[in-house]
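Here the structure is laid out as structure tokens; the discussion comes afterwards.
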Amino acid sequence: MRLSVQLYTVRDHLAKDWRGTLEKLKNLGIEYVEIAGMYDKSPEEWKATLDELGLKASGSHIGLGELESNFEGVVHTAKTIGFDLVIVPWIGEDQYGAGWDKFAKKLEPIGR
């Protein structure tokens, strides 16, 4: 079973010491992380640092707006860092207020 630390849970620490926080997670025996924000780092920086520390990204939180407006950028980030799971971590009532079925239909072409 692959267990991942959702980096959103340590976001304050990452904002203060990005690399140091990742190192501490690795030292705790963590192997996988779920990215939640880029912290002004490029996908290439993420990949190099994760590789250096022996960590892998299992997925990333990507907002719906980012998926809709920068899909190719999201794909580039995912391929560069090496994850294949994209999680929409939150949606506003304006996005699902019309019904979950309509929201699912909005996500369906993105998922393909």
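In this chain, residues are counted from 1 in sequence order.
Not counting sequence neighbours, the partners of Glu23 by the salt bridge (Lys or Arg N to Asp or Glu O under 4.0 Å) test are Arg19. With sequence neighbours left out, the salt bridge (Lys or Arg N to Asp or Glu O under 4.0 Å) criterion links Glu108 to Arg112. Applying the side-chain contact (heavy atoms from CB on, under 4.5 Å) rule to Ser60 yields the partners Ile35, Ile62, Phe83; only residues at least two apart in sequence or on another chain are considered. For the side-chain hydrogen bond (donor to acceptor under 3.5 Å, both in side chains) test, residues two or more places apart in sequence or in another chain that qualify with Asn70 are Glu66. For Thr21, the side-chain hydrogen bond (donor to acceptor under 3.5 Å, both in side chains) test picks out no residue, with sequence neighbours left out. Under the rule for a salt bridge (Lys or Arg N to Asp or Glu O under 4.0 Å), the partners of Asp51 that lie at least two apart in sequence or sit in another chain are Lys47.
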Next item on the list: List the steps and the verdict of side chain to side chain contact (heavy atoms under 4.5 Å, CB included) for Leu25 and His13.
Entry: CA-CA 11 Å; Leu25 290 171; His13 298 283; over 6 Å; no
Notebook entry, point to check: Stepwise, does the side chain to side chain contact (heavy atoms under 4.5 Å, CB included) test hold for Ile30 with Leu3?
Noted result: CA-CA 8 Å; Ile30 301 300; Leu3 297 175; over 6 Å; no
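Residues Leu7 and Leu22 have side chains in contact (heavy-atom distance under 4.5 Å, counting atoms from C-beta outward). A 4.5 Å side-chain heavy-atom check between Leu50 and Val33 finds at least one atom pair inside the cut-off. Considering only heavy atoms from C-beta on, Pro89 stays 4.5 Å or farther from Gln6 through its side chain. Between Val5 and Leu28 the shortest side-chain heavy-atom distance does not fall below 4.5 Å.
Note that OG of Ser4 and CG of Leu85 are 8.5 Å apart. Values are rounded to the nearest 0.5 Å. Between atom CD1 of residue Ile110 and atom CD of residue Glu68 there is a gap of 5.0 Å, rounded to the nearest 0.5 Å.
Atom CG of Asp40 sits in a sparse spot, with 12 or fewer heavy atoms from other residues, nucleotides or ligands closer than 6.0 Å. More than 12 heavy atoms of other residues, nucleotides or ligands sit less than 6.0 Å from atom NZ of Lys41.
Pairs engaging residues 42-82 under the ring-ring contact (aromatic ring centres under 6.0 Å, His included) rule: Trp18-Trp46 [sequence neighbours left out]. Residue pairs meeting the salt bridge (charged side-chain N to carboxylate O under 4.0 Å, His left out) criterion with at least one member in residues 24-38: none, sequence neighbours excluded.
Under the 4.5 Å side-chain contact rule for hydrophobic residues, Tyr39 and Val74 share a cluster. Side-chain heavy atoms closer than 4.5 Å link hydrophobic residues (I, L, V, M, F, W, Y) into clusters, and following such links, possibly through other members, connects Val88 to Val75. Leu14 and Tyr8 fall into different hydrophobic clusters, where Ile, Leu, Val, Met, Phe, Trp and Tyr are joined by side-chain heavy atoms under 4.5 Å apart, directly or via other members.
Of all the heavy atoms in Pro43 and Thr77, the pair that sits closest is CG-OG1, 3.5 Å.
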